[in-house]
Structures are given as structure tokens and as C-alpha cells.
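Just below is one structure, and these are the notes that go with it.
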Amino acid sequence: MESFSKVGRGVFCGLFPLAFIMLLLFSCKTDPDSILGKNIHPETDLVSKYDTAFRIEAFSLSDDSLIIQNSSSVLLGTSFSPVFGSETYNLAVQILTLHVEGDNSYTYYSGTDLGIDSKVDSVVLNLPYSGKFPRHRRMDGRALRISLHEITEELIDGEGYDSAYCSNREPVYNPTPIGEILTVYPKPFDTVYDSASGIKQVADLRIHLDKGFGKRLLDYVVQMSDEEKADLGALRTYFKGLYIKAHPCQNESESIVFSVTNLFSSGADITVYFNGSENGETGTSYQKFVLGPLRYTHIKRDRSLSTDQYYRAQLIDGDTTAGEQRLYVEGSGGSRIRFRIPEFQSVVSGKVVINQAVIVLDEADAVNIPDIDAPAQLQCVRYVNRGTEYDIPDASNPGGKYDSKNGQYRINVTRYLQRLAYLTTRDTANREMFDMYLDIIPESDERYEKPTRAVFYGPGADKNGMRLEVIYTVVNDTVQN
């Protein structure tokens, strides 16, 4: 009997924790339809609502004053679209040099025979690829026509909003090209085997330049004092900068744009190979000239070539009413969407909690796959003036990821509208300062360094129009403190 009692107690001790856990689970089960705060307010005081019936004023406008000096990537090339017209992406960049002898840590110079009578064998511009647009292989080997020009203004390195250089700022340059107009055939899909690393890599684009230009660069080095030769930026005194200008293409099948990352350190340079003339030297030496660090992409657009009536009306004529039907976003200083919801505070009024609020944009031409990609993500900002924009309170969770299956973006504005609702109810004096237009732009580097673009249905379109979807809870505060 005693042994049975011990066994019974053991079983009971084993079952008791399990029974306790089951009791806890069942007693804590929450009604999925219950509303948070029910234990504080009566259920009738919390009313959940879903609404999309908000009037939206929206239109597209130019975004071509982006400050992009010294951005991580620069673009070079040309593209065309029946909707957006033509764009050329031109590169303005400094040229630097460094003459170091007997130091293997530098590869800017080889040989000690550089003199005023040195003869140039060849001049090669080297540009490593870091991105390509379009991304499909049809663009591999397309012809790109470029010309090189001498920049005649002093390029001044600035930082942040005080920069003088933006996407629509063309540098002052000599219109006479350096040498002939060049036709090159970029092949960013063409790989070669690197025996040193043991992997396949995309070969850099190498362009042969005018020998007379190479001779000019060598002569500048010869003229330099010893102090100047040891100064990386001394060449700016003699040659202020280089403008690599792309010539526009005529149709989508000729579009070709590529990017180069961080010119100063990634192998973008000009190498001048020459034969020495001093001490009877006959071997070939070389002098490298580095592109950077100051650089920016100048983007030139011809929107008059667009055949889209709504695009032309907004981006050329400034007709904001055309945004009712179609809206446009372009990366790299193209166009943005500006909108507001004028009656939001009259529809969502009183004491409310915004559970979720998203701006929905559906692509108007999602069936056709364009040569240039749609932005990977969109976000909302508050625009004040050039160089001054503010994140909205939802910046930490912007949403706006591209849903390629549905051709749709859902941009989060929950906390922004919660703030607007609060100011409407509690602080009406400051509401007008907060209730401003919001701008929709590509996220991060896509806005500056990638030629993305998309067309959307406007808020007045017959189907899938731009809309605000809101889930909110109205708090009828009948509980007295």
C-alpha cells in the first residue's frame, strides 16, 4: 500500500504541471474578434472602420534638381521611351595624377624617362561596370556614341546642400570635342577568367582616346614642379575636368546605360603609354590619370519626344489636372508624385486610432515589361525646397516595396495620418503647418543613381486609381476619469 501511494503521488506530481498549463492556455484564450482596450472601454465605445473614400489631389512634377555630387555611382549612356522621351546621362569628373618613383605601392607611373619630347603610343580610358540598364542581354554590345570635352570652369568640391552640382546642372565646357566622336560597344555581360582570383569577372570597358590629348596630359606633368608632382590634385591647375557626353539614341532598342561605382578607387582612369626620349630609352612607359574624386552625373532629358498626352501635360505644360488619370515616377532626377488628402480630417475626425494607412499605386502598364526597371521601393517625404526634405513619421517602416506580380506599391503613412488626426483634434493651430503636400519618390540610391521609371493610374482613373486605404478605430470616450 505504501508503494502504491508513492507511485500515485509520482503520477499526480507529473500530471499536475501539465494540467496547470492546459488550464492556463484555455483560460487565457483571446477572442480574435475582440478589440484592444475592451477591458477599459465598453465595446460600444470602440468602433472599427475601413475606408477608401478619400479624395486625393495628385500630380507629377520634375525632380531634376537633385544634388548628386560625389554620389557612390555615376551613370553614362542614353535611353529612350515613347512615354518619357529621351535621356542622356553624362559624366563630369576631375582628373588627378600622382608621380611617384621607386614606390611599388603606387601604379600611377612607370619609368623615369618622361620628357617634353616623349611620344605617345596610345591613350586608354578605363571604366569598370557596376550596373547596367537595361538588365537583359539584348543590351550587350549596343552602340553608344560619346564625345569628350574639356571642362573650363573650376570644379569646387562642396558637401551636402551647399553643393553647386545637381542632376540638371551642365558644366561649362569647350564645345569642340577632344578628338573624334567615339562609338563604343559596352559589354557588361561579357566575362573573362581572372587567373589571379580564379573567378570570372566582367572586363572593364576600355576606350582608345586621341593621342594628342594624351600628349597634353604628359606635357602638364613635365611642367609640374616637384611639389606639384607629389600632389594628387595638382593637375587641376592645368586641366580643370573632363566632360564625357553621351549622344541620344532614337528608340528603345538602342537604350544603353551603365554605372561606375566610386570612380576614385575602383579603377576608373586614363592611361597614357609613351616612348621615352631621354638617355636613349626605347621601352614603353605609362602615366596614369585617375578619374575623381569630384564627379557627378549631368542628366539631359528631351520630354518633347514623349507621345503620352498626360505626361506632356504635367511635365511640360505644368497641368496638374492631368494627374487625375496618370502619374509618373522616374529615378535619377526625373519626376516625382506630389499629393495631398484635403478632406482627411473631416472624414476621420474626433478621437481616433489609425490602425493602418497605406497609399496604393497600381501600375498603368504592368503587362508590358519595359527596358528600364520600375523602382524597387517608393517612399513618402515632406518637401520644403531644393535640398530640404523631411521624413514623415513612418520613415522607419516606409513599406512601398514593389509587388511585381500585381504591379503595385503600398506605401505606409499610418503614423503620419495619426499625427494629422491628433493635430486636427487637439492642436488645430499647428495643423496647417503639418497638413502639407507629400511627395512620392524612389527610395535611397534608386532616386539618384538608377534610371528607374513607372506609370501609375491617377486618383480619378476608372479602375485601380491611386487611393488611400485606412483601417481606424473611433474612440467614443464615455468613460469618465
Side-chain angles (χ1 to χ4, degrees), residues 35-38 40-41 45-61 63 161 320 323 327 329 336-362 375 377-402 408-444 447 456 458-459 465-479 481:
I35 300 174
L36 183 65
K38 186 176 180 180
I40 301 175
H41 288 269
D45 284 356
L46 299 174
V47 182
S48 293
K49 294 187 177 183
Y50 171 77
D51 208 335
T52 60
F54 297 94
R55 185 172 70 88
I56 298 178
E57 296 177 358
F59 54 92
S60 304
L61 70 163
D63 194 30
Y161 297 149
T320 60
L327 295 167
V329 169
R336 63 170 75 186
I337 296 172
R338 181 161 292 171
F339 77 97
R340 73 187 186 105
I341 309 162
E343 284 94 25
F344 173 78
Q345 62 272 14
S346 61
V347 177
V348 181
S349 59
K351 297 179 180 179
V352 298
V353 175
I354 309 296
N355 304 100
Q356 178 179 293
V358 292
I359 294 293
V360 183
L361 288 169
D362 287 287
Q377 186 174 12
L378 298 176
Q379 66 172 353
C380 284
V381 297
R382 293 172 60 199
Y383 178 83
V384 178
N385 53 50
R386 178 181 179 268
T388 306
E389 295 169 348
Y390 295 109
D391 289 335
I392 63 173
D394 300 272
S396 60
N397 180 28
K401 295 289 183 67
Y402 179 48
Q408 187 182 86
Y409 296 82
R410 299 177 66 85
I411 307 168
N412 188 23
V413 290
T414 304
R415 295 181 64 193
Y416 171 80
L417 292 183
Q418 179 66 72
R419 180 66 174 164
L420 183 56
Y422 171 81
L423 290 175
T424 301
T425 306
R426 300 285 186 176
D427 191 1
T428 55
N430 290 322
R431 181 182 62 78
E432 292 184 3
M433 297 174 59
F434 196 80
D435 184 15
M436 304 168 64
Y437 281 99
L438 295 183
D439 285 3
I440 296 176
I441 58 175
E443 173 77 351
S444 64
R447 185 183 179 195
F456 303 103
M466 178 186 183
R467 58 198 177 275
L468 170 67
E469 295 182 357
V470 178
I471 300 173
Y472 63 100
T473 302
V474 178
V475 182
N476 298 316
D477 195 356
T478 60
V479 178
N481 294 330

Within-4.5 Å side-chain heavy-atom neighbours: [X] and [Y]:
X: V470; Y: Q356; result: no
X: L468; Y: V358; result: no
X: L361; Y: I440; result: yes
X: I359; Y: R410; result: no
X: P398; Y: Q377; result: yes
X: E443; Y: P375; result: no
X: T473; Y: N355; result: yes
X: L327; Y: P459; result: yes

Is [X] reaching over with its side chain to a backbone N or O of [Y], donor-acceptor style, under 3.5 angstrom?
X: Q379; Y: N397; value: no
X: E343; Y: F54; value: no
X: S60; Y: I337; value: no
X: R415; Y: P393; value: yes

Check: If you measure from CZ on F344 to CZ on R55, what distance do you get to the nearest 0.5 Å?
Finding: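 The CZ atom of R55 is 14.5 Å from CZ of F344, to the nearest 0.5 Å.
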
Next item on the list: First locate atom CD1 of I411, then atom CG of L378, and finally report the distance between them rounded to the nearest 0.5 Å.
Entry: 5.0 Å

Next item on the list: Go through the steps for V329 and F456 under the test side chain to side chain contact (heavy atoms under 4.5 Å, CB included), then give the verdict.
Entry: CA-CA 8 Å; V329 169; F456 303 103; 3.9 Å; yes

Next item on the list: Please step through side chain to side chain contact (heavy atoms under 4.5 Å, CB included) for the pair I392 and L438, ending with a clear verdict.
Entry: CA-CA 9 Å; I392 63 173; L438 295 183; 3.8 Å; yes

Notebook entry, point to check: Does Y437 have its ring centroid less than 6.0 Å away from the ring centroid of Y383?
Noted result: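 No, too far apart.
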
Check: Of all residues at least two apart in sequence or in a different chain, which pass the ring pair (Phe, Tyr, Trp, His ring centres under 6.0 Å) check with F339?
Finding: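 Partners of F339 under the ring pair (Phe, Tyr, Trp, His ring centres under 6.0 Å) test: none.
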
Check: Quick one: side-chain contact (heavy atoms from CB on, under 4.5 Å) partners of L61, sequence neighbours excluded?
Finding: F59, R336, R338

Margin query: Applying side chain to side chain contact (heavy atoms under 4.5 Å, CB included) to I441 and V381, what does each step give before you reach the verdict?
Written below: CA-CA 8 Å; I441 58 175; V381 297; 3.9 Å; yes

Checklist line | With sequence neighbours excluded, residues passing side-chain hydrogen bond (donor to acceptor under 3.5 Å, both in side chains) with R467 | finding: D362, E469

